[in-house]
Amino acid sequence: MLQSPRFLLALWTGKAAIWLNRRIGHGGTSFPGTVSRKLAPSLLTALARQLPQGSLFVTGTNGKTTTSKMIAAIAAGASIPVTHNRAGANLIGGITTAFIDSASALGQLRGRLGIIEVDEATVPQLVQEVQPRVVIVTNFFRDQLDRFGELDKTVQLVSDALGKLPKKSVVLLNADDPLVAHLGRFFPGKVIYYGMDDRHCGSATMQQSAETRFCRACGHPLTYDWYYFGQLGHYRCTNCNLVRPQPSIVVRQIELRGEQGSRFTVETPEQRFDLTLSTPGFYNIYNALAAVALAVQLKLPAQAIEKGLQGYRTNFGRMEQLPLPDNKKAFLALIKNPTGCDEVIRTVAQPTGTKRLLVIINDNAADGRDISWLWDADFEALIPALPLIKQVQTAGLRGEDMALRLQYAGIPAEQLTYQSDIAQAIAGAIKDTQPGETLYILPTYTALLAVKTALTKLGYSPNYWEE
Amino acid sequence: MSNTTRPLTLLHLYPDLLNLYGDRGNIITLRQRCQWRNIPLTVQTASLGDTVDFGPVDIVFIGGGSDREQTLLFTDFQKYKGPALVEAAENDLPLLSVCGGYQLLGRYYRAHTGEEMPGLGLFDAWTEAGPTRLIGNVVAEAPVLGPDVTLVGFENHSGRTFLGTKDIRPLAHVRSGYGNNGDDRQEGAVYRHAVGTYLHGPVLPKNPALADWLIRHALIRRYGDDHLPALPDRWEMAAHQSIIRRFSQSG
Ligand SMILES: [Zn+2]
């Protein structure tokens, strides 16, 4: 393909910026893409057009990164080369960077399939620049509210963007989230729903983190047979007869195996197969289900799905175990909104041996300036485990706020300590942890980057973090 | 007098609809600060369709919600709870309203279209839709709550609220941030023992002076007794001071 000089100049500038970023030791950032877009605004469109198998968009509040990586692992299992913003930079600049990185010096894309994790607020723009083959929406929760205004606005943004999709695009929606499922009513093209069908994993009561319990169509309170988490569950409206759409891709018979992960059965219109997931956390079953739904759209065989998911390893910071010596254990888990945080708290509170806790809260732009969500997360669930928790420390720009939150959750004020410097807090906590104990480190997004730097300096960083 | 138990009842209005921005933290704070002083606090809730007897109620909390959810409850509020709430507040019932709840208690809200949605008129105040959202950390001075008392919090609102003159005072004067409207440096409103504010974060955990002001006035109103032992407030003030250090433009 012959590219214009303007296109090549933008591409090479972007590539130089990526090279420079790596030299200084930054990971994938949005900067190279942003610079290139200034030189050639249609660069992304021109690159994405080359993908013979088209692009998949993965959006929604929670699970974007994990779902994208899972479908990428499945595609790798089927030997499909992908162009993927795997560093998780999911705004337009970062997405463009990933495409530049995936192109040859002459502008030839190496990937055959695009896997694009997209921030909800970026979906409208990206839909115009890259016409996706499939869009999947995972769930809607409040996340970094100060960036978007309110959740309704986010839902509306995505809904409007779906309305602008090409007719042949397919939209995959989570049937269990009434906020997501409702989008299907406004999309004129093909909609496929996915969902869970396992009453044993549900609970009879709604968590605090639920965004709404009202029918999107008529405003009447929804009736739930059971809840999975937040507002996700099996619901219906007794007023206007809105019902949870019948999913065609379904997970059943879930067996949770604690830190070992889970086993479950997947049913698609064509087949039925069992999957093993070695990544713990109930929400990861949803991520796997979303990845399966995408794989089914691509008509990938069950063997590729099994192989991809089995080999899938947790992302950096998504409840990841750190390699510590002396029989010390440490887990690292990103927290960024109440739902995800509640799942992490659930894991920390499991009655398994003595443990220590370090919660690191920053309020930089990428974390969300507003940290009031800490009060919607259920830190009270830690209290039954307090006899096992030997130390609770906080750190970061909002570490004092975090200590305050924990105090009001019921941890006595004198048992809490705060350390402003993240690197010192990490080094101290690892040193204090005794053989046989587990240290849980819970950072927000920019705190996670600081944790990563600190761990690397301490010599605890395995290579696969650099992926 | 302080040896007898002095139970209080807190009413949380529309907790299922108005629960943006960690409003739950305000309830947790009132509950804990009462419990630490051996004051049994019962938390009741009321939502769509419920009628409320304000007789046994000692403190009311009403939070903020998205536009959609505020519209859902508007009629219900006007019809079932509003008039009784206004009557109780006129009789000095302590009340905390945040963001959307604050706006609903004013005289009216004027939308972009010019359409006016009437409020309960408890506060001589009105709100106009603004072109942009006012977002960020706030540091303000609140002499209403005591000498040298500061308030800190996070605001996120597009409505611009203006105070009238009838027995209403601003809750605080903004040192940094926007406050009611970004113009007159006023933040929130106080009428009798009813407080309106745009501060969340949530507002009470980091501002124990405001939490205790509500509890104290509830005790006075119910028992004629304002005995309220001081608490150490170590983390409360550490979090409070860190906001002042980082965001206060002067002082
Ligand atoms: Zn309905």
Measuring heavy-atom distances to chain B, does A:Leu406 have an atom under 4.5 Å in its side chain, in its backbone, in both, or in neither? neither
Does any heavy atom of chain B fall under 4.5 Å from the side chain of A:Leu374, the backbone, both, or neither of them?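 Contact with chain B is absent: no heavy atom of A:Leu374 under 4.5 Å.
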Residue, of [options], that accumulates the most heavy atom pairs under 4.5 Å with chain A:
options	result
B:Gly136, B:Gly153, B:Ser242, B:Gly201	B:Gly201
B:Glu236, B:His200, B:His240	B:Glu236
B:Lys206, B:Arg234, B:Gln35	B:Lys206
B:Ile243, B:Asn26, B:Asp23	B:Ile243

The interface call for B:Arg31 against chain A, heavy-atom contacts under 4.5 Å, is neither
The test is side-chain hydrogen bond (donor to acceptor under 3.5 Å, both in side chains); show your working for B:Asn180 and B:Thr161 and say whether it passes. CA-CA 5 Å; B:Asn180 282 344; B:Thr161 299; 5.3 Å; no
Residues which pass ring pair (Phe, Tyr, Trp, His ring centres under 6.0 Å) with B:Phe61, listed by chain and number, not counting sequence neighbours: B:His12
Side chain B:Asp233, main chain B:Pro208, donor-acceptor under 3.5 Å: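 A pair under 3.5 Å: no.
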Is it the case that over 12 heavy atoms from other parts of the model lie below 6.0 angstrom from the OH atom of B:Tyr178?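 Counting neighbours around OH of B:Tyr178, 12 or fewer heavy atoms of other residues, nucleotides or ligands fall under 6.0 Å, so no.
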Chi angles and distances behind the side-chain hydrogen bond (donor to acceptor under 3.5 Å, both in side chains) call for B:Thr197, B:Glu187: CA-CA 7 Å; B:Thr197 180; B:Glu187 201 311 296; 2.7 Å; yes
